[in-house]
Structure formats: structure tokens, C-alpha cells
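Following: one structure in C-alpha cells, then a few remarks.
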Amino acid sequence: MKLPHFRLKNKFSEKFSETMKAVLPILAIVLLLCFTIAPIPPSILMTFLVGATLLVIGMLFFNVGVELSMTPIGERTGTVMTKSKNLFIVILVSFVMGFVITISEPDLQVLANQVPSIPNMTLILAVALGVAVFLVLAILRMLLSIPLSYLLVFFYVLIFALTPFVQKDFLSVAFDSGGVTTGPMTVPFIMAFGIGISAIRSDKHAADDSFGLVSMGSIGPILAVMLLGIIYEPGASEQVSDSIPDVANTVDLWKLFSAGIPTYIHEIAASLLPIVVIFTIIQLIVRDINKTTIIKITVGIFYTYIGLVLFLTGVNVGFMPAGNYLGQTIAGLSYAWIIIPIGMLIGYFIVKAEPAVFVLTKQVEELTDGSISAKAMGMSLSIGVAASVGLAMTRVLTGISIMWFLVPGYLIALVLTFFVPKIFTAIAFDSGGVASGPMTATFLLPFAMGACGALGGNIVADAFGIVSMVAMTPLITIQIMGLVYRIKDTKLHKELASQADLTALAAYGDMEIIEL
């Protein structure tokens, strides 16, 4: 039995429209800068445009593929595991899944190459262990109905208590590690996995607890890398990649991108394989999925794979040089302060092009029956990321320690957890990991590194940290949205109660008249 052709056609048409709305503003901003205040060499512009084309095609296939495969696989795996009622199996599968998927996360490989003094594999294994342990804790929290806010407060207090013992230059890298582990491959699966686990619960808080796995999974890497920083005491690195691609013609352009594609073919295959293997094993045991669903999931996996390979090739090969060079050029202007509003403008729109953001906003809208719309979520994320990039550019210009932003930022976010509906807290802390995806790592981070290099700053201390800043501000903006939602809801209930009282009073008056 084949998938209905018209349904796939409609899905591609819908996703293409969403993708273009997300990507076109970024293209327009970069091109406007290139032809005005920040001219760049034609070779970089050519690679950027080809990268943007691959990004659009990749996002299109990824978004269709996730809907067809990753979401049902995650939900099904979570439901089957929990229904087994075997706590050992739940813990073991969750740990193995978190560990193996994290090791093969492409963004983690990039981070490992940037950290001095610590062997790459040591860092990768430590981060993977952190994700695995905290994924297990997150699932146990859901099963035991422990409020997420309690755990968030405890672990973030622990994180900030450790900061005096970690070198200043290394703190930014440690906090960035929490964002790079929640990539476009892991987030859709983990989020769907949480929905699947909560689906078997019938209590009123089940929907609230279906979110929160991503936020807990982001804490483990921060702690793991901070502990490594204490042990290894790494020094600062002043290396920044500012090489301009040598592209003289279309043949050179093809060679540049064709050299990058095999890397992501292997990396995405390694990321996808553990998910497919675990799901296959579960289905061989359970055997309750029909042939049509299996075909649909298989097609979706293929689309997801192709989409991520094209997307990551586009942003890594095409966007990195452009981001770095633009940062250098703008920071070199006599009015370098303009990098702050430009960074905010780029940040506002770039989060819309993060692949996992599509998944998050859609799942939130569906799970809340439209009470929290994808549009409202998108606006809150954009405002948050714009603010974070503006603050990150301020750090690049001034050299202010990242802790002056992270400590009050997380303090505000944690205090808000006690005043907003539980579901907004879980969604907000998940959003932080989702917002700091590959677009941040491959465009905003090089942008900050280029600017920092041009200004003669400390790359590790001042440029690194932008990922953690992007991961922090949505915690505040989305919870503020939740606070507004609660105030409006309370006001509505009071109005309805008043109307009910007036109606009852009127009815009572009518009864007295009748009696008279």
C-alpha cells in the first residue's frame, strides 16, 4: 500500500511556504549588508547563496520527514516502554538512547574542536554521559509527577555554585555545551518521546509533564563540561577561522560543497541509526504497527536524512564564512556599535529558520489544542533571541563577563517558574535548547567570533557564550507570555463568575416577583 500522493504534495507545499517565510528575511538582511556597509568578496557571497539554497531544500525535506517519522517513532517508543511497567527497561533504554544520540550530534563535534587542553573524545563522552543521566532523571520525574520547577531550581543553583571554581575563559564554553547537544536530530525525537510517555497517564498534569525532557537534557552537559574545566583547567584559545573560500568559478564552488557533503552523510547516518535500531527492536517485540504506517515512517526517515544532510552542508559550508566575515567587517567600522542592533535584527529572524523550532511550535499548538498558538510561540522566541544576540554583541564590544548576564537571567527565569502555569515553564526551558540550534552555531557564533577577532578581544571568553545566551532568554520571554496568559485567564474567570452571579440574581428577582 502506497502513501497517498496528494497528501505528500500538500505537505511539501505547506512546508515550502513555511520554510520560505523563515529563510527569506535572513537572506534579505545579509544581502542588504553585503551591498551597503559590509561588502564581502564574491567567493563568500557565492558560497552563501548556494548554502541558502541547500538550507531551503534541506529544511523542506526535514520538516516533512519529521512529521512522517520522528514524531510517531518517538511517541510510540515512549508509550511502549512505559506500558511495559518495567522500570529497569525504561531507565536502560533512556540512558543508552541519550548517550548514543549525543555522541553523534554534529554540533557537539564542532564544540569539541574549539575547546583547548581537553581531548576531543573525553569532552564528547563526558557530555554524552551528562545528557544520558539527565534524560533518565527527566523521565523518572515524569513517571513520579515531580514538579519540573523544583529540579530546575536545584540543578541551576548547583551550576552557579560551581562557577567560582571554573576558569572565567571556560565558563562560556561550558554553558554553550548545553545548547549544542540539543540539535535538530535529537530534539524532535526526545520531545515526541516525552509525549509518548505522558500519554499513558490520565491525570490532569500529564500534558504539562510531556514537556521538559529537552530542558533537563541541557543541564547535564553544562555540569559535565564545568567539571572537566575544573579537572583540566584549560587555557584560552585565540584561534578563529577567518579563511575565505577560494572560489574562482562554478567548478570550484562544486568542489567546495561536494567535499563537505560526505562528512554530513556519515554524521547524520550515525545520529539516525540509534533511533531506527531502538524502534525496530521494539516493533519486532510488539508487532502492532500495520504495513501502511511502516511505509510512511520509512519514507519519513529517508526525507529526514536527506533534509539534514543538505541543511547542515548548506549552513556549515555556506553560512560560516559569511557570518565570520560580516562580523569582522561590521566590527571594523568606525561606528562598531551598530553591530548590536544588526545582531538583534538577525537574531529575531534567524531563530525562525531553526529546524527544531518548527517541531516545537507545532507540537505545543497541537498538545494545547491551540491555547498556545505557534504564532505566539514564534514571536516570544524571536523577541528572546533578538535580546540575547544584542547582549552577546555588547559582550563582544565591552568584554563584560557572561556571568553578569547569565546569573540575573536565570534568576529571573527560575523565579518566574513559581508564578506561571506549569506547562509554560516546561515549554520555556525546552525552547532554550531548541532555539540554540545549528543556525546559531554556524552563523551567529562565527559572526561573534569574527567581530571579537577584529576588535582584538578574547575569543573564548567574549565570543563564546552566544549559544548559552540564545538558550537563556526564551526562558524569560515564554514564561512572561505564560504570566500574561494566567492574568488574562484569571480575569476571564472573574468576569464569567460575575456574569453568573448577575444571572443568578436576576433569576432570584424573577422568582420573588412570581411569588408576589
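In terms of modelled atom types and a separation under 3.5 Å, the side chain of Ser388 and the main chain of Val385 share a donor-acceptor contact. Using modelled atom types, no side-chain atom of Ser94 and backbone atom of Leu135 make a donor-acceptor pair closer than 3.5 Å. When atom types are taken as modelled, the side chain of Ser382 and the backbone of Tyr348 share a donor-acceptor pair closer than 3.5 angstrom. Under a 3.5 Å cut-off, the side chain of Thr361 and the backbone N or O of Ala374 do not form any donor-acceptor pair. One N or O on the side chain of Thr394 and one on the backbone of Gly390 form a donor-acceptor pair closer than 3.5 Å. Ser373 places a side-chain N or O within donor-acceptor distance of the main-chain N or O of Ala376, the cut-off being under 3.5 Å. Under a 3.5 Å cut-off, the side chain of Arg141 and the backbone N or O of Pro147 do not form any donor-acceptor pair.
Each of Thr280, Val276, Ile301, Thr304 was scored for a side-chain contact (heavy atoms from CB on, under 4.5 Å) with Ile73, with one residue passing: Ile301.
Aromatic rings of Phe154 and Phe160 (six-membered ring for Trp) have centroids beyond the 6.0 Å cut-off, not under it. A distance of 6.0 Å or more separates the ring centres of Phe62 and Tyr303. Phe61 and Phe12 have their aromatic ring centers within a separation under 6.0 angstrom. Aromatic pair Phe429/Tyr410: ring centres not closer than 6.0 Å.
Environment of CE in Met20: crowded, with over 12 heavy atoms of neighbouring residues, nucleotides or ligands closer than 6.0 Å. The 12-atom threshold is exceeded at CZ of Phe418, counting heavy atoms of other residues, nucleotides or ligands nearer than 6.0 Å. Annotation: Phe95, atom CZ; neighbour count of heavy atoms from other residues, nucleotides and ligands within 6.0 Å is above 12.
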Step-by-step side-chain contact (heavy atoms from CB on, under 4.5 Å) determination, Val133 to Phe99
CA-CA 8 Å; Val133 169; Phe99 188 84; over 6 Å; no

Trace of the side-chain contact (heavy atoms from CB on, under 4.5 Å) decision for Met469 with Val389:
CA-CA 7 Å; Met469 295 287 286; Val389 178; over 6 Å; no

Assess the residue pair Thr417 and Gln479 against the criterion (side-chain hydrogen bond (donor to acceptor under 3.5 Å, both in side chains)); give the C-alpha distance rounded to whole Å, side-chain angles, the decisive distance to 0.1 Å, and a yes or no.
CA-CA 7 Å; Thr417 63; Gln479 287 195 103; 5.2 Å; no

Could you go through the side-chain contact (heavy atoms from CB on, under 4.5 Å) check for Phe443 and Val30 one step at a time?
CA-CA 11 Å; Phe443 190 85; Val30 171; 3.9 Å; yes

Please step through side-chain contact (heavy atoms from CB on, under 4.5 Å) for the pair Ile400 and Phe405, ending with a clear verdict.
CA-CA 9 Å; Ile400 298 174; Phe405 298 104; 3.9 Å; yes

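Put simply, CG on Leu162 and CE on Met226 are 5.0 Å apart, with the number rounded to the nearest 0.5 Å. Going from atom CG of Leu223 over to atom CG of Leu129 covers 11.5 Å, rounded to the nearest 0.5 Å. Residue Ile350 holds its CD1 atom at 12.5 Å from NZ of Lys352, rounded to the nearest 0.5 Å. In this structure, the separation between OG on Ser215 and OH on Tyr156 is 7.0 Å, given to the nearest 0.5 Å. Note: Ile423 CD1 to Leu148 CG = 11.5 Å, rounded to the nearest 0.5 Å. Put simply, CG on Leu152 and CD1 on Ile159 are 9.5 Å apart, with the number rounded to the nearest 0.5 Å.
For the pair Ile383/Thr473, no side-chain contact is recorded, criterion being any heavy-atom separation below 4.5 Å from C-beta on. A heavy-atom distance below 4.5 Å is found between the side chains of Phe134 and Leu137. Taking 4.5 Å as the limit, every side-chain heavy atom of Ser431 sits out of range of all side-chain heavy atoms of Leu475. Residues Leu143 and Val90 form a side-chain contact, since some pair of their non-hydrogen atoms from C-beta on lies under 4.5 Å apart. The shortest side-chain heavy-atom distance between Phe175 and Val467 does not fall under the 4.5 Å cut-off. The shortest side-chain heavy-atom distance between Arg395 and Ile402 falls under the 4.5 Å cut-off. Using a 4.5 Å cut-off on side-chain heavy atoms (C-beta onward), Lys362 and Glu67 make contact. Side-chain atoms of Met216 and Phe155, non-hydrogen and from C-beta on, do get closer than 4.5 Å to each other.
Between Pro25 and Phe349, the shortest heavy-atom distance links the atoms CB-CD2, 3.4 Å. What you find for Leu444 and Ile466 is that their closest heavy atoms are O-CD1, 3.7 Å. Between Ile346 and Ile26, the closest heavy-atom pair is O-CD1, 3.7 Å. Minimum heavy-atom separation, Val357 to Ala435: CG2-CA, 4.5 Å. Of all heavy-atom pairs spanning Leu27 and Ala52, the tightest one is CD2-CB, 3.2 Å. Closest approach of Ala174 to Val225, counting heavy atoms only: CA-CG1, 3.7 Å.
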